[in-house]
2 protein chains.
Amino acid sequence: MSTEPIQNGHLLRVGDLARLTGKSVRAIRLYEEQGLLQPATRSSGGFRLYEDHAVERVRWIDLLHGLGFSLHEMHDLLRSWWSAGLGPEAMTELRELFGRKLAETRETILRHQQLERELTEGLRYLETCRVCATPAAVKGCKSCTQDHGMKNEPALVAGIVTPPGAARRFARAGFVRIDGIKTSHDRLAHESKPPVVSAGKESKA
Amino acid sequence: MSTEPIQNGHLLRVGDLARLTGKSVRAIRLYEEQGLLQPATRSSGGFRLYEDHAVERVRWIDLLHGLGFSLHEMHDLLRSWWSAGLGPEAMTELRELFGRKLAETRETILRHQQLERELTEGLRYLETCRVCATPAAVKGCKSCTQDHGMKNEPALVAGIVTPPGAARRFARAGFVRIDGIKTSHDRLAHESKPPVVSAGKESKA
DNA sequence: TCAAACCCTCACGCGTAGGTTAGATTACGG
DNA sequence: CCGTAATCTAACCTACGCGTGAGGGTTTGA
């Protein structure tokens, strides 16, 4: 903390770079392994020595990471920038990369907005449980038949019904409202997922 | 494909459950390991046998997963539902869990909206590179000094400037516009990150 | 010249959500 | 009774972004 960080002319060592960027030394070496950053040179003893703009690079990495880019994506980005050599082609690649990321981002936003709605709806539902706070009404809570002011239980609340082990033989069957919500698989591949068997249709009862 | 899936009364085997939900057998066993799902019983030979509502449970898991919940979070959810026993307390725990998730979700949305803006801006910037498509102008592309119609390079484009190895001695130093963008560290802890050393300002030159 | 910092290269560990064998056993149709 | 499909457990592999040693060399200032 007291020693001057800069000793080799104006070159930085990993520790300096780490301190200047708030990253760990390990992280910086990782970025190097991933091809995101190279020291300008090495000392005779093998120490990594960086020029000042490495700081910008690391901040850029941190920034993109915070925005959801993986190190690998950043590498692609850098590569497509530096590979094509002749400007416009590289730019085209970059545009495509950005375009893909943009679409992906928009999807993510939509999914999370959906989640936000589900959560607020779930909370609204659970709020009405306060009404049950009388000892008498409480007993039957989990097999609650009270009107929560909604047509169905919110998706996030449904499905919680059966305890592991204790075969609780569902009180109200068939409430899952899987409607328009995406599942993890939908995002990646369109499997032959049977069209939602939404409700109770057993041969019993 | 031709064999009837249901043989033990109306109980399902893992494979059946897998097919009905679109998940892999492995995934289902994983859910069990995580305490999210229990077979109603086992066959004498040790095969897992599920009742129909296991299908709902798996769909619920898939749903929440798609919404960004981890298996662990789902387990917490189930546990807080089934542990407290007496309704309202369990509901309170659930509300808190939902509340936390909601806050987290809103943050995620904001971050991704930020990313969306950055990406569109980056794309807008790269669009102007088409103008350089004349052989003459192309050569200097990477050390481009042309006016792209913006005050600064977009954050996503800045930081790409130096190729790994080839010490390119920054053509335009100090352009990173880290302004109001969150970095990954900011989200977790507020380190003593030095206040952005935006440009060359060493004791040299 | 010495000790304190600092750095080097392996290399394993974590948590997530499974995939993918392997070798053995079970269930079921013919 | 036999073959085949399905299932069992156990264990190891993937990708991500590092954390955390171990064991040893380098720089630097006093």
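A, B, ... follow the sequence lines: proteins, then strands. Residue 1 opens every chain. Only heavy atoms go into these numbers, but all of them, side chains included; no hydrogens, no water, no symmetry mates.
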Just how far, in rounded Å, is [atom2] of [N] from [atom1] of [X]?
X	N	atom1	atom2	value
B:Met74	C:dA17	CE	C1'	10 Å
A:Asp16	D:dT28	CG	C1'	13 Å
B:Leu64	C:dA17	CG	P	12 Å
B:Leu36	C:dA17	CG	C1'	12 Å
A:Leu49	C:dC7	CG	P	10 Å
B:Glu33	C:dA17	CD	C1'	11 Å
B:Tyr31	C:dA17	OH	P	9 Å
B:His65	C:dT16	NE2	P	11 Å

State plainly whether the residues [X] and [Y] are in salt-bridge range, i.e. N to O under 4.0 Å.
X	Y	value
B:Asp16	B:Arg19	yes
A:Glu33	A:Arg26	yes
B:Arg124	B:Glu121	no

*Heavy atoms under 4.0 Å, any strand shown: does A:Val25 hit a base, just sugar-phosphate, or nothing?*
nothing

*Report yes if a side-chain nitrogen or oxygen of B:Ser44 is closer than 4.0 Å to either non-bridging phosphate oxygen (OP1 or OP2) of C:dT26; otherwise report no.*
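Answer is no, no contact under 4.0 Å.
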
*Residue A:His72, side-chain atoms from C-beta onward, closest of D:dC16, D:dA6, D:dG25*: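 Per side-chain heavy atoms of A:His72, the pick is D:dC16.
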
*So which nucleotide from D:dT26, D:dG17, D:dC18 ends up closest to the side chain of A:Ser24?*
D:dC18

Do side-chain atoms of [X] reach the backbone of [Y] as a donor and acceptor pair under 3.5 angstrom?
X	Y	value
A:Lys101	B:Leu115	no
A:Arg57	A:Gln38	no
A:Glu56	A:His53	no

*asked:* Regarding B:Gln114 and B:Arg117, do their side chains bring together a donor and an acceptor under 3.5 Å, going by distance alone?
replied: yes

*Relative to the 5' end of DNA chain D, which residue comes earlier, B:Gly45 or A:Ala27, by the nucleotide with the nearest heavy atom?*
B:Gly45

_If you assign each of A:Ile28 and B:Arg42 to its closest nucleotide in DNA chain D, which residue comes earlier from the 5' end?_
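That would be B:Arg42.
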
Pull out every protein N or O sitting under 3.5 Å from an N or O of nucleotides 10-15 of chain D, one pair per line with the distance.
none

_Upstream residue (5' side of DNA chain C) when B:Ser70 and A:Arg48 are each assigned their closest nucleotide_ = A:Arg48

